[in-house]
Amino acid sequence: MEVADIPDHYVNTVGAMNSVRDSEAITAGDPARAAQILVRMARRTDLPYHLPLGVNAVEGSIRQDEFLLAEDRKWATVGRSADFAEPYPVDFPPEA
């Protein structure tokens with residue numbers, strides 16, 4: 001893949017992604033394997049809501065999911081308190 005020069009106003013977004021893509025620290029996925037996986041998935045009836053492909057994608061997704069789950073649990077009492085049947089007001093979690 002050839003990447004054109006990035007205009008200055010895109011350096012922090014597209015340019016940053018290109019530097020990640022070009023990094024030796026990240027192993028490249030196999031596009032043929034990814035295509036085979038997608039074809040096999042298309043034959044299923046129990047499709048996943050989200051299917052990251054590749055080690056980096058899977059590990060990053062799991063880290064993000066764990067972070068979001070921890071946040072959901074941290075703020076669960078506050079979120080539930082918006083319903084009529086739940087106690088209100090409730091204490092917020094301590095600030096980090």
Side-chain angles (χ1 to χ4, degrees):
M1 177 175 161
E2 187 177 323
V3 178
D5 288 337
I6 306 299
D8 290 341
H9 55 279
Y10 287 112
V11 169
N12 292 329
T13 57
V14 177
M17 188 61 223
N18 286 337
S19 68
V20 170
R21 183 184 299 118
D22 295 337
S23 170
E24 294 295 325
I26 297 177
T27 57
D30 183 340
R33 286 187 192 182
Q36 289 172 357
I37 290 167
L38 295 175
V39 168
R40 290 177 61 199
M41 291 299 299
R43 297 181 183 129
R44 296 184 62 106
T45 57
D46 62 337
L47 296 175
Y49 177 76
H50 179 71
L51 179 65
L53 296 176
V55 172
N56 293 324
V58 169
E59 296 305 318
S61 179
I62 289 171
R63 277 192 307 276
Q64 180 67 8
D65 291 345
E66 288 171 343
F67 171 78
L68 291 173
L69 181 58
E71 285 290 294
D72 286 348
R73 288 186 170 144
K74 176 180 176 179
W75 290 94
T77 303
V78 174
R80 288 183 179 117
S81 74
D83 284 0
F84 284 115
E86 297 296 316
Y88 183 81
V90 298
D91 291 333
F92 281 20
E95 289 196 44

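Below, each value reflects all heavy atoms present in this structure, side chains not excepted, and no hydrogens, waters or symmetry copies. All of these numbers come straight from a predicted model, not from anything done at the bench. Residues: numbered from 1 along the sequence shown.
- Cluster membership for Y88 and V78, using ILVMFWY side-chain heavy atoms within less than 4.5 angstrom, is not shared.
- More than 12 heavy atoms of other residues, nucleotides or ligands shown are found within 6.0 angstrom of CG on D83.
- M41 CE to D46 CG: the interatomic distance, rounded to the nearest 0.5 Å, is 7.0 Å.
- Residues I62 and P52 form no side-chain contact, since every pair of their non-hydrogen atoms from C-beta on lies 4.5 Å or further apart.
- The minimum heavy-atom distance linking R80 with E86 is given by the pair O-CG, 3.0 Å.
- In terms of heavy-atom proximity, I37 sits nearest to L53 at CG2-CD2, 3.9 Å.
- Between the side chain of S61 and the main chain of V58, no donor-acceptor pair closer than 3.5 Å is present.
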